There are 2 protein chains.
Amino acid sequence: MDIKQSAATSTEEFKRRIFFALSEPGRYTIVRMLYRVGHEMGCGELNQHIEIDKSTMSYHLRTLREIGLVTTRTQGREKFVQLNTDRIDAVLPGLLASL
Amino acid sequence: MDIKQSAATSTEEFKRRIFFALSEPGRYTIVRMLYRVGHEMGCGELNQHIEIDKSTMSYHLRTLREIGLVTTRTQGREKFVQLNTDRIDAVLPGLLASL
DNA sequence: TTGATTGTTTGAAACATTTCTAACTATAAA
DNA sequence: TTTATAGTTAGAAATGTTTCAAACAATCAA
């Protein structure tokens with residue numbers, strides 16, 4: 001079973017998926033950056049700060065979206081990513097602040 | 001590079017390794033159980049509560065030890081596992097309490 | 001000593017993850 | 001319309017992870 005596929009069936013599973021997401025350097029950096037800036041960021045803007053291929057970035061953002069850590073919004077040809085701070089804080093209070 | 005091999009070179013990497021450890025169901029359960037009981041537990045005792053093969057348990061405990069989440073003590077032919085609560089709390093305060 | 005118990009190790013199989021290239025879609029600008 | 005820009009997707013290669021069976025070592029008990 002793929003940890004990032006299919007809906008989380010329990011709070012425990014959701015927590016484990018958050019941990020999975022944060023165990024990879026690129027995703028860890030994305031989440032921390034989104035938390036620190038405190039508002040949504042464009043994919044390109046994120047890519048300027050994190051040195052990975054745009055398709056790899058896309059893959060990681062999809063993973064974060066599937067797990068439920070971020071939501072995205074498309075405007076024109078740009079895409080903006082927002083952190084689901086509340087949802088993460090609800091199950092793992094204080095975690096984001098200590099990244 | 002294997003995330004659980006070689007010393008953590010930074011606090012961030014240590015945090016990521018903790019997340020890696022907790023992303024797997026068996027290890028998550030082991031860590032939560034050790035935290036809740038508040039004292040060391042025997043491998044066999046752990047194995048009674050978690051339905052996995054003893055060799056798989058051994059593998060997970062080695063992973064937890066290599067990352068630095070637990071320490072072990074051998075007495076006779078039994079082995080006791082203790083959670084490094086302080087070390088985890090130092091980098092991710094409150095995490096253990098919210099597992 | 002013999003046999004049971006406790007846990008480790010090795011090696012292989014099965015499976016999951018990450019990364020890249022190349023092709024692609026959609027929007028915007030010239 | 002043509003071209004550039006932003007991001008996605010598919011497929012493949014490389015790598016990492018998990019699990020189990022079988023063999024092993026060490027301790028304890030009869």
Side-chain angles (χ1 to χ4, degrees), chain A residues 1-8 12-13 16-31 33-34 40-82, chain B residues 1-8 13 16-31 33-34 40-67 69-82:
Chain A
M1 38 193 123
D2 183 340
I3 199 171
K4 63 186 186 301
Q5 301 289 356
S6 80
E12 176 180 324
E13 198 172 329
R16 274 195 276 104
R17 286 177 192 199
I18 293 174
F19 295 144
F20 169 80
L22 295 173
S23 69
E24 199 280 331
R27 289 190 302 253
Y28 180 97
T29 306
I30 291 168
V31 170
M33 188 172 301
L34 286 169
E40 66 179 11
M41 290 179 78
C43 287
E45 196 184 356
L46 278 169
N47 230 332
Q48 286 176 341
H49 295 273
I50 304 170
E51 289 235 343
I52 50 179
D53 191 89
K54 64 176 181 171
S55 74
T56 300
M57 172 64 90
S58 186
Y59 164 75
H60 286 316
L61 287 176
R62 178 154 52 90
T63 300
L64 291 174
R65 193 166 3 93
E66 284 173 354
I67 294 176
L69 272 66
V70 302
T71 52
T72 53
R73 172 179 76 86
T74 302
Q75 189 178 37
R77 60 187 162 180
E78 276 189 282
K79 203 162 185 177
F80 295 90
V81 188
Q82 182 163 32
Chain B
M1 41 192 118
D2 183 340
I3 198 172
K4 62 187 189 300
Q5 300 289 358
S6 82
E13 197 172 330
R16 274 196 278 105
R17 286 176 191 199
I18 292 174
F19 295 144
F20 169 80
L22 295 173
S23 69
E24 200 279 330
R27 289 189 302 254
Y28 180 96
T29 305
I30 292 168
V31 170
M33 187 172 303
L34 285 170
E40 68 178 10
M41 289 179 79
C43 288
E45 195 183 356
L46 278 169
N47 231 332
Q48 287 176 339
H49 295 274
I50 304 170
E51 288 235 344
I52 50 178
D53 192 90
K54 64 177 184 174
S55 73
T56 300
M57 172 64 92
S58 186
Y59 165 75
H60 286 316
L61 287 175
R62 176 154 52 89
T63 299
L64 291 174
R65 193 168 359 95
E66 283 173 355
I67 293 175
L69 271 65
V70 303
T71 51
T72 52
R73 172 179 75 85
T74 301
Q75 189 178 35
R77 60 186 159 179
E78 275 190 282
K79 202 160 185 179
F80 296 90
V81 187
Q82 182 162 36

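Residue numbers begin at 1 in each chain, while the letters A, B, ... track the order of the sequences. Treat the numbers as computed from the prediction; the structure is a model and nothing was measured.
- Spacing between atom CE of M41(A) and atom P of dG7(D) amounts to 12 Å, rounded to whole angstrom units.
- Between R27(B) and F20(B), the shortest heavy-atom contact is NH2-O, 3.4 Å.
- Between the P atom of dT18(C) and the CD1 atom of I30(A) lies a distance of 11 Å, rounded to the nearest Å.
- For the pair R16(B) CZ and dG16(D) C1', the interatomic distance rounds to 15 Å; values are reported in whole Å.
- No side-chain heavy atom of E24(A) sits less than 4.5 Å from a side-chain heavy atom of T63(A).
- As a whole-Å value, the separation of I50(B) CD1 from dT19(D) P is 12 Å.
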request  = Heavy atoms under 4.0 Å is the rule here; annotate nucleotides 19-27 of chain C 5' to 3' with B where the base is hit, S where only the sugar-phosphate is, and - elsewhere.
outcome  = BBB-----B
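- Residues T29(A) and H49(A) have side chains not in contact (no heavy-atom distance under 4.5 Å, counting atoms from C-beta outward).
- Within the structure, every side-chain polar atom (N or O) of R62(B) is placed at least 4.0 Å from both OP1 and OP2 of dG7(C).
- Distance, M57(B) CE to dT9(C) P: 15 Å, rounded to whole Å.
- Taking atom CZ on F20(B) and atom P on dG16(D), their separation rounds to 11 Å, with Å as the unit.
- Ranking dA6(D), dG7(C), dT8(D) by closeness to the K79(A) side chain, first place goes to dT8(D).
- Residues V81(A) and T72(A) approach most closely at CG2-CG2, 4.2 Å, considering heavy atoms.
- In this structure, A21(B) and L69(B) approach most closely via the heavy-atom pair CB-CD2, 4.0 Å.
- Atom C1' of nucleotide dT17(D) and atom CG of L64(B) are separated by 14 Å, given to the nearest angstrom.
- To the nearest angstrom, P of dT19(D) lies 13 Å from CG of L61(B).
- Using the six-membered ring where Trp is involved, F19(B) and F19(A) have ring planes that are parallel, under 30° apart on the 30 and 60° scheme.
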